[in-house]
Amino acid sequence: MFGLIDGNSFYCECERAFDPKLRGKPLVVLSNNDGCAISRTREAKDLGVRMGDPYHLVAKRPELKPVIWKSSNYALYGDMSRRMYEVLCEMVPQVEPYSIDEMFLDLRGMPWDLVKLATEIRAAVRQIAKIPTCVGIGPTKTLAKLANKVAKGERHGSGICDFSTPEARSAKFPQIPLGDVWGMGGASVEKLAKGGIRSVADFVALPLDEVRKTLTVTGLRTHAELRGLSCYPFSLNAPTRQTIACTRSFGRMITEWEEMRQAVVTYVSRAAEKLRRHGLRASAMQVFMHTNLFNKDPRYSNQVTVAIEPASDTFALIGAATRAAQSMWRKGYRYQKAGIVLIDLYQPQDMPVQDMFASRDPVKSKAIMAALDAVNARFGRGTLQAGIIGKTATWGMRRANLSPCYTTRLDDLLQVNSGPLRSTDEPHLIP
DNA sequence: TCTGGGGTCCTAGGACCC
DNA sequence: TCTGGGGTCCTAGGACCC
């Protein structure tokens, strides 16, 4: 049996955990660059903020005046996710992180009442990690996900939904729209609706060849999972990464090559850091840049893919990325975004060709990269930056309302007054 | 002025092979 | 008149996820 636990309005609740003033208020966390709404509290949803609403449009709406808008703080959310994971590991034999706010629980062989266990898990995560959650239970991952969705939809429910028995499923399935199912996106829902298939019950009753014909093998898997046949096993070790990317919109449009060069150098450095953290090397990369696709500016969009000598060395990757960017740079446009994606990733021992004639001394390179990563880990990202001389860039992303990194920066730690403790779980802030 | 970022998997079609 | 069968590998694009 699987469980799926999922943080309610996860990013918003991470903010609330450290700032009591946000509790009970309509709160929205914005995407990078303060672009659009990506996490909303119940209060904000009730006021009509939708997922993906562009901030600059929605902030003008008078009924949304009371909403508090926060820039996203991934250092905080990532660390809160880790805390949630640790609490869960104490309570069930195995936990498989699925996303920053969702984790599958292996409930096989758990001897007691699963709903009771789920209740205890929710309470522990709430108390220790400060995150409210919902839990879904089912014999497959897809059913656990669906149960979780049902639990989340119940306004004053228990926060738990159990789909472990066929009876529980057939009672609910006729009322659940197909789009609620994990793996059923807009395109599939639309295709099936043409044949009158709208609810999960309709879909489950569909013959296999029909499913295969309209949705190919992925649809077939979802279909099987909904009938209780597991196709996605529980897996402990995270699969090795296929791609590592760093792509960003600029805080303002940029028009100069030097700015673009700096951006590309910054992004590729960041990606190389991730690459080393995963112990991988890249043997190809894609670099892209484009102008704003929403406004009436003259449009330009280009992308190049280059093969490189397998590397995780920042300097090597910078060279390749800069050349690629230069080859597609056209002066006279207002660029809005650029990015780099590292592809064809290898574990060094699996590399098809050993770098016998490597143009860089591998021992030296390894030592320099280790030093670079250590300095940046200790003193903050970008303390040592290859390929950029001088002042801070002005094109970086907008993050107008960023919360402190309460849990990952010493300078940002909350301070607690000494003296008699008050009977409250709220941190006592020193102004 | 201002519309995110980072992933995975699958398929179709072309090039190529024997 | 008639032009096989069975593969692999690569890429671009679609669909989906959070």
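Side chains included, hydrogens not; waters and symmetry mates left out as well; all remaining heavy atoms used. Numbers restart at 1 for each chain; the letters A, B, ... are given by sequence-line order, proteins then strands.
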Residues from [range] lying under 4.0 Å of DNA chain B - heavy atoms:
range	result
residues 218-229 of chain A	A:Thr218, A:Arg221
residues 175-203 of chain A	none
residues 55-70 of chain A	A:His56, A:Lys60

Problem set entry | Most 5' of A:Met51 and A:Ala245 on DNA chain B, judged by nearest nucleotide | A:Met51

Whole angstroms only, please: what is the [atom1]-[atom2] distance between [X] and [N]?
X	N	atom1	atom2	result
A:Tyr98	B:dG6	OH	C1'	13 Å
A:Phe288	B:dG5	CZ	C1'	9 Å
A:Arg40	C:dC18	CZ	P	13 Å
A:Lys145	C:dC17	NZ	P	8 Å
A:Tyr232	B:dT8	OH	C1'	11 Å
A:Met253	B:dT1	CE	P	11 Å
A:Tyr77	B:dG4	OH	P	17 Å
A:Glu96	C:dC18	CD	P	14 Å

Exercise. Does a side-chain N-to-carboxylate-O contact under 4.0 Å join A:Lys213 and A:Glu210?
Worked result: yes

Exercise. Going by an N to O cut-off under 4.0 Å, is there a salt bridge joining A:Glu96 and A:Lys141?
Worked result: yes

Indicate whether the side chain of [X] and that of [Y] have a donor and an acceptor atom separated by less than 3.5 Å.
X	Y	value
A:Asn73	A:Ser403	yes
A:Asp53	A:Tyr55	no
A:Ser71	A:Asp34	yes

If only side-chain N and O atoms of [X] are considered, is one of them under 4.0 Å from the OP1 or OP2 phosphate oxygen of [N]?
X	N	result
A:Ser72	B:dG4	no
A:Arg241	B:dG6	no
A:Lys274	B:dG7	yes
A:Lys337	B:dG5	yes
A:Gln336	B:dT3	yes
A:Thr247	B:dG6	yes

For [X], salt bridge (Lys or Arg N to Asp or Glu O under 4.0 Å) partners two or more places apart:
X	result
A:Arg212	none
A:Glu90	none
A:Asp46	A:Arg42, A:Arg155
A:Arg61	A:Glu63

Exercise. Sequence neighbours excluded, which residues qualify as ring-ring contact (aromatic ring centres under 6.0 Å, His included) partners of A:Phe10?
Worked result: none

For this session: Report the residues that fulfil ring-ring contact (aromatic ring centres under 6.0 Å, His included) with A:Trp257, sequence neighbours left out, ordered by chain and then residue number.
Result: A:Trp329

Please check if the distance between the ring centroids of [X] and [Y] is under 6.0 Å.
X	Y	value
A:Phe203	A:His223	yes
A:Phe163	A:Phe173	yes
A:Tyr335	A:Trp395	no

For this session: Treating a pair as Watson-Crick (purine N1 to pyrimidine N3 plus N6-O4 or O6-N4) or G-U wobble (N1-O2 and O6-N3) with both distances under 3.5 Å, list the stems of 3 or more consecutive pairs that involve DNA chain C.
Result: B:5-18 with C:5-18

Would you classify [X] as touching base, sugar-phosphate or nothing, given that sugar-phosphate means primed atoms plus P, OP1 and OP2, and contacts are heavy atoms under 4.0 Å?
X	result
A:Arg398	sugar-phosphate
A:Ile244	sugar-phosphate
A:Asp34	nothing
A:Val341	nothing

Closest to the [X] side chain, choosing from [options]:
X	options	value
A:Thr243	B:dT8, B:dG4, B:dT3	B:dT8
A:Asp101	B:dG4, B:dC10, C:dC18	C:dC18
A:Ser249	B:dT3, B:dG6, B:dG4	B:dG4

Problem set entry | Distance (rounded to the nearest 0.5 Å) between A:Ser99 OG and A:Asp101 CG | 4.0 Å

For this session: Ignoring hydrogens and angles, tell me if any N or O in the side chain of A:Lys70 forms a donor-acceptor pair with the backbone of A:Leu402 under 3.5 Å.
Result: no

Problem set entry | A:Thr41: side-chain contact (heavy atoms from CB on, under 4.5 Å) partners, not counting sequence neighbours | A:Cys12, A:Arg16, A:Leu27, A:Glu43, A:Ala44

Quick test: give all pairs of protein nitrogen or oxygen and nucleotides 11-14 of chain C nitrogen or oxygen below 3.5 Å, distance rounded to 0.1 Å.
none

Seminar exercise, completed: Between A:Ile137 and A:Ala118, the two heavy atoms sitting closest are CD1-CB, 4.3 Å

